[in-house]
S.K.: 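Following this message is one structure expressed as structure tokens.
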Amino acid sequence: MAKAKPAWANRIIETGEKAASEFNFNPLNWREHPQVQRDALNEILSKVGWVTGVIVNVNTNRLVDGHARIEEALRLDPTLPVPYTLVDLTEDEEKELLLLLDPIGGLAVTNIDKFMELAEMVDLDSSGLLEVVASLSRQDQIDTAGLDKQDGGIGELLNYFSFGDQKIPITDDELTAFRTKYEVYVEKHGTYYGFAGELLGL
């Protein structure tokens, strides 16, 4: 007889709500949040409200997920009620979730056609939310990760940038330089807007 697979354990023990000032940050949290993300977070919370709570480990009373939401709530009003999910984790499990929860979610890929179809149905009337949509839509235009390298006939293999139906060859060194400029711009300005203009000298 085949051995039954174990069920996924439910580690949630409580949901509730308490003031933002009552949460404890996790000293091992490694995520940093740029201003463009904070702006979008504030705008969606103001527009829609809470639909999911932050996560707290009952055994350490520390956040496992939701640090940015608590930080922004504290800036707005330390007494602001924040919904939470209380989970029962060992300290080792807490570290594991802290390390992997966001990266696992980040492994999802974007179906750009479905994403843009949905975006056209939503009234995005704020710069922060428009930036989220714009940044994801631009991935379809400049991401080379899914493109095969081709023999460029000049002693090296080339990547290609894709702009609609056009493919522009770019060497590894050029790609590295481009990404470096991009990262410096975003770090300096906290937004993706304007990068193309700076690159083109506009």
Side-chain angles (χ1 to χ4, degrees), residues 7-111 114-139 183 186-193:
W8 290 357
N10 183 0
R11 309 299 291 276
I12 299 171
I13 60 175
E14 178 183 307
T15 59
E17 189 178 86
K18 61 183 180 180
S21 60
E22 296 181 36
F23 291 90
N24 295 314
F25 290 105
N26 198 310
L28 295 177
N29 178 46
W30 55 275
R31 300 285 280 178
E32 296 182 354
H33 305 280
Q35 192 59 48
V36 64
Q37 183 189 21
R38 293 180 182 278
D39 291 344
L41 180 62
N42 274 288
E43 288 169 14
I44 195 65
L45 282 168
S46 297
K47 187 174 185 178
V48 177
W50 294 98
V51 295
T52 185
V54 301
I55 301 176
V56 178
N57 183 9
V58 67
N59 294 305
T60 63
N61 199 30
R62 294 188 299 232
L63 283 167
V64 179
D65 183 63
H67 292 78
R69 282 169 282 171
I70 296 299
E71 287 172 350
E72 294 308 300
L74 288 171
R75 288 189 180 96
L76 184 63
D77 179 0
T79 67
L80 185 72
V82 175
Y84 65 86
T85 297
L86 199 62
V87 295
D88 182 4
L89 303 174
T90 66
E91 286 201 49
D92 285 343
E93 288 171 333
E94 176 181 296
K95 293 173 186 175
E96 189 172 358
L97 264 292
L98 195 67
L99 176 67
L100 296 173
L101 189 61
D102 281 350
I104 288 174
L107 293 175
V109 296
T110 302
N111 181 319
K114 288 187 176 180
F115 179 78
M116 295 310 297
E117 180 183 0
L118 178 60
E120 290 172 0
M121 300 178 185
V122 178
D123 181 19
L124 298 172
D125 54 2
S126 68
S127 60
L129 300 182
L130 284 168
E131 173 58 29
V132 172
V133 172
S135 64
L136 280 171
S137 65
R138 280 193 294 274
Q139 289 179 12
E183 290 166 1
V186 173
E187 178 68 22
K188 179 179 178 181
H189 297 280
T191 180
Y192 308 98
Y193 283 129

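Model, not experiment: these values are computed from the prediction. The residues of the chain are indexed from 1 along the displayed sequence.
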S.K.: Decide side-chain contact (heavy atoms from CB on, under 4.5 Å) for Arg31 and Asp102; before the verdict, give the C-alpha distance in whole Å, the side-chain angles of both, and the deciding distance to 0.1 Å.
M.R.: CA-CA 9 Å; Arg31 300 285 280 178; Asp102 281 350; 3.2 Å; yes
S.K.: One thing to verify: whether Glu43 and Arg38 come together as a salt bridge, which I'm taking to mean a side-chain N less than 4.0 angstrom from a carboxylate O.
M.R.: no
S.K.: Could you verify whether a donor N or O on one side chain and an acceptor N or O on the other, from Glu94 and Asn26, lie under 3.5 Å apart?
M.R.: yes
S.K.: As an exercise, state the distance from CG of Leu99 to CD of Glu96, rounded to the nearest 0.5 Å.
M.R.: 8.0 Å
S.K.: I'd like to know whether Val87 forms a side-chain contact (heavy atoms from CB on, under 4.5 Å) with Val58, so could you lay out the CA-CA distance, the side-chain angles of the two residues, the decisive distance to 0.1 Å, and finally the verdict.
M.R.: CA-CA 6 Å; Val87 295; Val58 67; over 6 Å; no
S.K.: Which side-chain N or O atoms in residues 12-24 pair as donor and acceptor under 3.5 Å with protein atoms at least two apart or in another chain?
M.R.:
residue	atom	partner	partner atom	Å
Glu14	OE2	Tyr84	OH	2.8
Ser21	OG	Pro78	O	3.4
Asn24	ND2	Asn61	O	3.1

S.K.: Answer yes if the side chains of Asp77 and Thr79 hold a donor-acceptor pair under 3.5 Å, and no otherwise.
M.R.: yes
S.K.: Between Arg75 and Glu72, is there a side-chain N and carboxylate O pair less than 4.0 Å apart?
M.R.: yes
S.K.: Of the non-hydrogen atoms in Pro83 and Trp50, which two are nearest, and what is the gap between them?
M.R.: CD-CD2, 3.4 Å
S.K.: Restricting to non-hydrogen atoms, name the atom on Arg11 and the atom on Thr90 that form the minimum distance, rounded to 0.1 Å.
M.R.: NH2-N, 4.4 Å
S.K.: Does Val54 offer a backbone N or O that forms a donor-acceptor pair with the side chain of Asp65 under 3.5 Å?
M.R.: no
S.K.: For the atom pair CG (Asn42) and CZ (Arg69), what is the distance rounded to the nearest 0.5 Å?
M.R.: 12.5 Å
S.K.: Roughly how far apart are Ile104 CD1 and Leu107 CG, rounded to 0.5 Å?
M.R.: 7.0 Å
S.K.: Would His67 and Leu98 satisfy side-chain contact (heavy atoms from CB on, under 4.5 Å), going step by step from the backbone distance to the final call?
M.R.: CA-CA 11 Å; His67 292 78; Leu98 195 67; 4.2 Å; yes
S.K.: Say whether, by atom type as modelled, one donor and one acceptor occur between the side chain of Arg62 and the main chain of Phe25 under 3.5 angstrom.
M.R.: no
S.K.: Do Ile55 and Leu63 have side chains that get closer than 4.5 Å, going by heavy atoms?
M.R.: no
